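Have a look at the structure below, then the notes.
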Amino acid sequence: MKSDIPLQMLGGLTAREFLRDYWQKKPLLIRQAFTDFENPLSPDELAGLALEEEVESRIVIENGERPWELRRGPFAEDEFSKLPETEWTLLVQAVDQFVPEVAELLENFRFLPSWRIDDVMISFATAGGSVGPHFDNYDVFLLQGQGQRNWKVGQMCDSDSPLLEHADLRILADFQQSDEWTLEPGDMLYLPPRLAHCGVAVNDCMTYSVGFRAPSAAEVLTHFTDFLSQFLPDEERYSDADAVPVSDPHQIQHDALDRLKRLLAEHMSDERLLLTWFGQFMTEPRYPELVAGAEVEEEDLLADLEQGAVLIRNPSARMAWSEVDDDLLLFASGQSRLLPGELRELLKLICAADALHSDNLGQWLHDEQGRTLLCELVKQGSLGFAADE
Ligand code: SIN
Ligand code: CO
């Protein structure tokens, strides 16, 4: 995607300007980011998803059995008819994995790395419905899909910001409003991480939240060191072959810290392992059980593709690629593969294309390493045959 073309979905800003001035910094209201927006999902279809076992859903009722009552899905059909007339919200996570038209919305966000995108959450709210003033630790684009919603934004928050006592919801005890807008279908509001916000439905409305993934520093440290430690032999230890006689045997001298720092720095700066871990971590699927592999033989795969079969990316799979020296790394759903540089165009195609077939695979079908890779990805479940083939 070109970074210097004004984009309507960014209110006429170029991707470069948006990233420089707003991304992770301040909110941006974009009127008619999507003109004539056609809501790809009806409230009934959203409610239908919330009945499914594998779909994560919640209902927040402002004045339920207690203030801000939270119910977790999957829901039974009759639960919806027992809800109050107004002031409740249904929220369904990762709808992009279940509804291709919702996944298509993400094509508009290709000016950001796809591995930064987490999911599209969709909410349906009745008049007065809200999940309360809160902050999120990630960036979000809030696209109004249907009806109107009033958004108030407030102060920047952090983990010391006082919250209401609530077992499940993180509702701010104190909200200092700094701006307010009412969004119509097609309008979009970008919010940086930690900015307090509160959206209240004016009437029956649907909001699409495009949320992003950003590991916390604590996650980076714990997960990376766990990953790293698999490669470290037990005999590699704190060592002090450079020791000199100590004046006080009970004192930990700073030269001991220097040895530790050297040991840590040596491993922490291993770029290849850091990249491998990061790619695996960022492509971990939200629902690993939905990335189920299939048994397939390479010859059969080739024959099928040659006869017109289509491979599609599993909507629950996540993919990315990277370079390491002259080689390439392909990350697919939490796994990595080291591959030769000649496969670069195939890796790019696999990551970008929704469907793979003999037309776009072309010569790759006759490349042994390329075929093996496709076969492995089918076995892993990141790719699968299109249903109607
Ligand atoms: C909502 O859609 O009701 C809530 C979205 C959010 O504030 O993160
Ligand atoms: Co939020």
Side-chain angles (χ1 to χ4, degrees), residues 24 26-29 33 37 39-41 43 46-47 49-50 55-64 67-73 83 86-96 102 105 109 117-159 161 163-164 166 168-173 175-214:
Q24 301 235 301
K26 56 185 183 188
L28 177 65
L29 170 72
F37 182 73
N39 193 14
L41 201 72
L46 187 72
L49 280 174
V55 178
E56 227 174 293
S57 59
R58 297 167 284 160
I59 292 177
V60 177
I61 310 170
E62 199 152 335
N63 298 296
W68 305 110
E69 184 193 341
L70 172 72
R71 296 185 191 168
R72 290 184 198 279
L83 290 168
T86 57
E87 298 189 351
W88 57 268
T89 307
L90 163 71
L91 304 109
V92 182
Q93 219 68 51
V95 181
D96 51 303
V102 173
L105 272 179
F109 294 85
I117 294 176
D118 192 12
D119 72 338
V120 183
M121 178 187 81
I122 305 184
S123 67
F124 168 76
T126 49
S130 163
V131 298
H134 66 281
F135 71 97
D136 303 302
N137 278 312
Y138 49 81
D139 309 82
V140 65
F141 288 89
L142 299 155
L143 167 63
Q144 194 58 25
Q146 180 185 313
Q148 297 168 303
R149 187 189 278 271
N150 177 267
W151 283 102
K152 292 179 169 59
V153 294
Q155 73 280 21
M156 277 293 182
C157 302
D158 57 33
S159 39
S161 302
L163 302 179
L164 291 188
H166 194 292
D168 309 294
L169 295 178
R170 294 165 54 245
I171 299 177
L172 286 165
F175 183 79
Q176 296 151 27
Q177 186 183 325
S178 55
D179 231 323
E180 178 181 18
W181 305 279
T182 297
L183 270 67
E184 306 279 343
D187 291 350
M188 189 165 72
L189 178 61
Y190 162 74
L191 299 179
R194 296 184 301 285
L195 183 70
H197 55 280
C198 182
V200 181
V202 177
N203 38 42
D204 281 3
C205 84
M206 278 174 89
T207 302
Y208 291 64
S209 302
V210 178
F212 288 77
R213 267 185 193 200

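We count ligands from 1, going down the list as the structure has it; atoms in each ligand are counted the same way. Since this is a predicted model, take the numbers as computed values, not measurements.
Figure legend: cation-pi geometry between Arg213 and Tyr138 absent, as NZ or CZ is not positioned both under 6.0 Å from the six-membered ring centre and within 45° of its axis.
Here the rule is side-chain contact (heavy atoms from CB on, under 4.5 Å) with Gln93, and of Ile122, Asp119, Asp118 only Asp119 fits it. Considering Val60, Ile61, Val131 in turn, Val60 is the only one that fulfils the side-chain contact (heavy atoms from CB on, under 4.5 Å) rule with Leu70.
For atom 4 (C) of ligand 1, the nearest non-hydrogen atom of the protein is Val131 CG2, 4.0 Å. In terms of protein heavy atoms, atom 6 (C) of ligand 1 is closest to His134 NE2, 3.6 Å. Among protein heavy atoms, atom 2 (O) of ligand 1 sits closest to Ser123 OG, 2.7 Å. Nearest protein heavy-atom neighbour of atom 3 (O) of ligand 1: Arg149 NH2, 3.3 Å.
Distances below 4.0 Å separate heavy atoms of Met121 from the following atoms of ligand 1: 5 (C).
Nearest N/O/S atom of His197 with respect to the Co ion (ligand 2) is recorded as NE2. When the N, O or S atoms of His134 are ranked by distance to the Co ion (ligand 2), NE2 comes first. Closest to the Co ion (ligand 2) among the N, O or S atoms of Asp136 is OD2.
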- Message: Is there a salt bridge (Lys or Arg N to Asp or Glu O under 4.0 Å) between Arg72 and Asp168? Walk through the geometry before answering.
- Response: CA-CA 10 Å; Arg72 290 184 198 279; Asp168 309 294; 3.7 Å; yes

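Leu195 has its side chain within reach of Pro27: a pair of non-hydrogen atoms, C-beta onward, lies under 4.5 Å apart.
Ligand 1 has a nitrogen or oxygen under 3.5 angstrom from a nitrogen or oxygen of His197.
Distance alone, capped at 3.5 Å, is enough to place a donor-acceptor pair between the Asn203 side chain and the Gln148 backbone. Under the 3.5 Å distance criterion, the side-chain polar atoms of Ser130 are matched with a main-chain donor or acceptor of Gly132.
Relative ring orientation between Tyr208 and Phe37 is described as perpendicular, the plane-to-plane angle rising above 60° on a 0-90° scale split at 30° and 60°.
Under 4.0 angstrom from ligand 1, the non-hydrogen atoms of Trp151 all belong to its side chain.
Residue Asp136 places a heavy atom less than 4.0 Å from ligand 1.
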